[in-house]
Protein chains: 2
Amino acid sequence: MATLADVAKRAGVSVGVVSRLLNGDDTLRAREETKQRVRAAAAELEYTPNYAARALRKSRVGVIGLAVHDASNPVYSEIIAGAQAEATKAGYALMLSDVDALATDDERFKRFVSGGAIDGLLLQRAGTSADALVSKIASGEVPTVLLNDHTRGAIGSVAVDDYAAARLAVSHLIELGHRDIALLQVDGPRSRATRRRKGWADALEAAGLEARASRVFRGGHTAEQGYRGMSELLMEPTLPTAVFAANVLSAVGALSAAYDRDVQVPDGISLVGLHDVFVADFLQPRLTVVRLPLFELGARAVTLLLSQMENEPARHESIQTPEPVMVLRASTAPPARH
Amino acid sequence: MATLADVAKRAGVSVGVVSRLLNGDDTLRAREETKQRVRAAAAELEYTPNYAARALRKSRVGVIGLAVHDASNPVYSEIIAGAQAEATKAGYALMLSDVDALATDDERFKRFVSGGAIDGLLLQRAGTSADALVSKIASGEVPTVLLNDHTRGAIGSVAVDDYAAARLAVSHLIELGHRDIALLQVDGPRSRATRRRKGWADALEAAGLEARASRVFRGGHTAEQGYRGMSELLMEPTLPTAVFAANVLSAVGALSAAYDRDVQVPDGISLVGLHDVFVADFLQPRLTVVRLPLFELGARAVTLLLSQMENEPARHESIQTPEPVMVLRASTAPPARH
DNA sequence: CTGAAAGCGCTAACAA
DNA sequence: TTGTTAGCGCTTTCAG
């Protein structure tokens, strides 16, 4: 409630001095005694700068937007946490939002960004038309970076190594002795799906195995879609001995589908998921999974965004460390003899 | 980028007229022809009001804060969605945050609220000291309402009928023939835990059964805590035939614990959880659960908060409709004969 | 070393 | 029916 003017009056100086002192302007050359007086006055009045006034003056509000599909997806929460941490460190607040909600009322969203309500946007795409709309509106007005995605041009992006992760998962299965390994493919941005599929294919081929298109099924990125994909897979005349689900939630659904069809995991079929979330450790059997540095993904995305806000060029960044790691649990085992 | 002044100039009128017209001030009596001209100018220049300037002038920023513990908890996502929808409808943006993060840097948080960065706060407490701190800081500065909690005084609150839900769950178990039903108690705000426990006890007593304190175990509100609580329960010399877990996540953990101890659900023991989340439908067995109107909880909380922002008194609101409903799945069955 | 003042874009009260 | 203007709280340039 106290304003700069109040502090200035109480300290017997002008507002200019107070502003510069409190903002750590080192070109300010003031007597130490004056500084003390100002600081004391500010403390006594519990002075807090007004955000709106500062934003108006600097045309920078200090908030960055983070738009995802389905904020309840536990995979995102780690990304969000990373972004949150990094944003806070830089003095920014994070504003979480739902892509589809934004796209529904795109006029409002447009006013929002061009009215200066956010200084930049982090966007998680899923390949829908809502994405395209939101990304077009935002990138025309504020710096934008895509999460776990790949792009050129004015939009930045940062991604984890999905290819390595997929390859790691499939290699693990191969080491266990599997030779017929199916893929439950994600959908969403092409690049993401492609990278994971390539990891699967390359791991297979490196072991002299064939990556057959007939062993690729749609897994989507929800438990329900995973359930459906796995159900289709289980109707094949001859079953693969292992499955790599390119998304945890679809692995959760896949597990449930196997259970419903009386196919034992891992005895009848092995299953590996991509990304680790808490539920993976509470399923029956506990899900083996490969973990990717999602927290870092969120953090680095805001670092990149901040740099774009400083007029650095947009670029793509790939996170190589920490490396993907296998989290061995109970859903994989050597294939049954026959 | 275009300002009010730009629009005014182009339309050949003063800024006052433009402002009042665009804000739908009906005391404005302008010629229809003038209005047209202004609207046309605004459209051509793609005028969008500047948020910071408006906020500064009206000392109202148009954002409300929502602080929860662990935003990844799927139980919250429905509450958040409800709040989001209602806030958007009223022209407010929602800013999601983590209670513990706020409490960690409480100085910053204080500056944040008293600097006018949010107009009001929705707070989900869990009974920690972080809650107390955040709630004290916030309520001293902006209208505050608690989510699924109960309070008096200057802070408002809105709750769903936890008591009825607990009672419903336990009654279901009793109808199935169970006579020895344990409770996996939540922790968190006293009122919430108490309401659920009372529902359990009353349902039991209404059926002439005894609500023994020795049948109450700590279930917490995470899968891990539920796992531990259930593990303790399973070490009892004589086991109950059914368990009511006063939280879904703790039910998820409980199920996992039963599996690890080779206790079959529902054959060896029946299990009901409180609140429905997507994973409940993908566990083995699928979890029977009682569903509460969480979306409404979020929406009504926003409504209440907005009214408090209009200087209405803070009050407590209890959501009675829609009523709690049983979602029957596969984790409950009649008790085994012996 | 410190003060004065302009101005960010908008709203609302008051004039004309 | 429309115009003028003060001022929200802050930062920053320019004087002194």
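Listed by first and then second residue, the ring-ring contact (aromatic ring centres under 6.0 Å, His included) pairs that reach into residues 68-104 of chain B come to none, sequence neighbours excluded.
Set against dT2(D), dT11(D), dT4(D), the side chain of V17(B) has dT2(D) as its closest nucleotide.
D131(A) has no carboxylate O lying under 4.0 Å from a charged side-chain N of R125(A), or vice versa, which leaves the two without a salt bridge. Contact check on K110(A) versus E107(A) returns no salt bridge, with no Lys/Arg side-chain nitrogen under 4.0 Å from an Asp/Glu carboxylate oxygen.
Residue whose closest nucleotide on DNA chain C sits further toward the 5' end, between V13(A) and A53(B): V13(A).
For Q320(A) and S318(A), the side-chain atoms include at least one donor-acceptor pair closer than 3.5 Å.
Atom CG of L4(A) is separated from atom P of dG7(D) by 18 Å (rounded to the nearest Å). What separates NZ of K35(A) from C1' of dT2(C) is a distance of 13 Å, to the nearest Å. The OH atom of Y51(A) sits 21 Å away from the P atom of dC8(D) (whole-angstrom rounding). Atom C1' of nucleotide dC8(C) and atom CG of N50(A) are separated by 13 Å, given to the nearest angstrom. Taking atom CZ of residue R20(B) and atom P of nucleotide dT2(D), one finds them 10 Å apart after rounding to whole Å.
Non-hydrogen atoms lying under 4.0 Å from DNA chain C are contributed by N23(B), all within residues 21-32 of chain B. Within residues 54-62 of chain A, the residues that place at least one heavy atom under 4.0 Å from DNA chain D are, in residue-number order, R54(A), R57(A), K58(A).
Note: F112(B) and Y51(A) have perpendicular aromatic rings, judged against thresholds of 30 and 60 degrees for the angle between ring planes.
Within the nucleic acid shown, G12(B) comes within 4.0 Å of sugar-phosphate atoms alone, with no base atom in reach, counting heavy atoms only. Residue Y47(B) is classed as a sugar-phosphate contact, given heavy-atom separations below 4.0 Å to backbone atoms only. In this structure, T3(A) reaches the sugar-phosphate backbone alone: every heavy-atom distance under 4.0 Å involves primed, P, OP1 or OP2 atoms, never a base.
From I319(A), atom CD1 reaches atom CG of L294(A) across 9.0 Å, with rounding to the nearest 0.5 Å.
Within the 4.0 Å cut-off from OP1 or OP2 of dT12(D), not a single side-chain nitrogen or oxygen of S19(A) is found.
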I'd like to know whether N23(B) forms a side chain to side chain contact (heavy atoms under 4.5 Å, CB included) with R54(B), so could you lay out the CA-CA distance, the side-chain angles of the two residues, the decisive distance to 0.1 Å, and finally the verdict. CA-CA 11 Å; N23(B) 286 302; R54(B) 186 177 276 185; 3.3 Å; yes
Could you give me the CA-CA distance, side-chain angles and deciding distance for R108(A) and T88(B), then say whether side chain to side chain contact (heavy atoms under 4.5 Å, CB included) is met? CA-CA 10 Å; R108(A) 176 196 288 270; T88(B) 304; 3.9 Å; yes
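Enclosure of atom NZ in K9(B) is not indicated, since only 12 or fewer non-hydrogen atoms of other residues, nucleotides or ligands lie within 6.0 angstrom.
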